[in-house]
Amino acid sequence: MHTVDTSSEAFWRAAEPMRDAVNAALDRYSQYDSGCPAELRDAIRHSLLAPGKRLRPLLVLMAAEACGCDSRRALPAACAVEMVHTYSLIHDDLPAMDDDELRRGRPSCHAAFGEATAILAGDALLAQAFEVLARETRPPEAAAKCCAELARAAGASHLVGGQADDLAAQTRGDVNSGASPKGGQSDLARLESIHRRKTGALLTACLKLGGLVAEADERRLQALENYGQNLGLAFQIVDDLLDLSGDVTTMGKPTGKDSSRGKLTFPGVLGAEASTERARQLLDDACQALAPLEPRTAALEGLAHYVLDRHH
Ligand code: GRG
């Protein structure tokens with residue numbers, strides 16, 4: 001019987017040509033004309049071309065393929081989400097937010113170029129994402145839907161709102177207390193709400209963008225959304241576990257910061273073992289949700305296995 005290899009290693013090997021195509025396109029997109037000052041261009045390229053996993057672009061391309069579309073049609077959308085993601089990392093690292101000096105194994109943008117240039121590099125990437133998406137996605141109706149979906153995921157009720165609540169929780173010192181503030185949500189519900197917005201919304205939007213470029217029907221778009229929501233939460237749980245167990249060289253960023261800052265985390269609320277089990281269950285649910293996309297689900301299943309097994 002022929003079986004499809006959906007292991008994490010098979011996924012990573014199969015994804016290499018897609019990652020190469022994304023990296024080459026990001027390189028092209030960040031060659032600006034003379035209107036862009038050299039320092040700003042260098043700051044953008046420093047962060048955008050740094051060795052990230054390119055998980056979000058892969059989600060876009062693999063979702064498009066799962067809906068029967070040539071993934072090359074989704075390359076502008078894949079690059080647009082990586083631009084939004086990189087903007088969010090640059091701003092997240094700023095002293096006013098997480099204050100991190102290392103990102104993707106390199107000095108963070110403000111550490112290398114100063115705060116003002118880092119803020120502007122993030123702003124420029126956010127704007128460029130929508131330019132690329134609007135100009136280069138075909139047909140125009142799909143481009144408009146993609147712009148609306150990405151703007152929603154990056155906006156006040158999702159990425160930015162989740163970040164704002166996460167920062168507010170840190171300022172208040174809401175720390176894995178297990179207690180439920182009077183009339184409020186439990187730690188777990190608050191944690192899930194923050195991460196569904198801060199991490200999950202953009203990951204889910206990647207899948208929707210792939211489906212929209214492929215002009216998929218409602219049933220397939222819904223399947224992609226269900227997969228994305230489960231994957232997004234699992235991704236964050238694994239991120240919290242890696243912050244506990246990973247080292248700075250593998251992760252390319254400081255580790256152990258969450259617990260030393262007393263941040264609300266999944267292992268802090270549930271314990272490491274139950275967190276791992278929860279991530280496994282979410283990823284099983286994610287794979288189950290792919291049924292309407294049969295028989296083209298192997299790549300997205302492999303990606304789910306990769307998220308669980310990843311070491312950085
Ligand atoms: C500043 C509006 C604004 C939002 C920031 C992205 C984010 C919100 C914060 C980053 C902090 C963080 C560690 C979040 C956990 C999940 C996450 C987004 C990790 C980084 O994504 P990866 O692991 O990174 O895909 P690479 O570098 O591989 O792309």
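Source: prediction; values computed, not measured. Read the numbers this way: they start at 1 and go in the same order the structure lists the ligands and their atoms.
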Would R54 count as a polar contact of ligand 1, with the cut-off being nitrogen or oxygen pairs under 3.5 Å? no
Should you measure from each heavy atom of H91, which atoms of ligand 1 turn up under 4.0 Å away? 1 (C)
Which of the numbered atoms in ligand 1 are under 4.0 angstrom from any heavy atom belonging to Y87? 2 (C)
Assess the side chains of Y32 and Q128: does a donor N or O sit below 3.5 Å from an acceptor N or O? yes
Would R19 pass as a cation-pi partner of W12, given that its NZ or CZ must be under 6.0 Å from the six-membered ring centre and within 45 degrees of the axis? yes
With the side chain counted from C-beta on, respond yes when R280 and L283 share a heavy-atom pair under 4.5 Å apart, and no when they do not. no
Please could you name the atoms of ligand 1 that K198 approaches to less than 4.0 Å, counting only its heavy atoms? 7 (C), 8 (C), 9 (C), 14 (C)
For ligand 1, which is the ligand I care about here, please tell me if D92 has any N or O atom under 3.5 Å from one of the ligand's N or O atoms. no
Salt bridge between R296 and E65, side-chain N to carboxylate O under 4.0 Å? no
Which of the atoms of ligand 1 are close to L159, meaning less than 4.0 Å from one of its heavy atoms? 4 (C), 8 (C)
Could you tell me whether some N/O pair between R104 and ligand 1 is separated by less than 3.5 angstrom? yes
I'd like to know if E82 and R56 make a salt bridge, using a cut-off of under 4.0 Å between side-chain N and carboxylate O. no
With sequence neighbours excluded, what pairs up with Q31 under the side-chain hydrogen bond (donor to acceptor under 3.5 Å, both in side chains) test? D27
Quick one: does ligand 1 sit under 4.0 Å from the side chain of K53, the backbone, both or neither, non-hydrogen atoms only? both
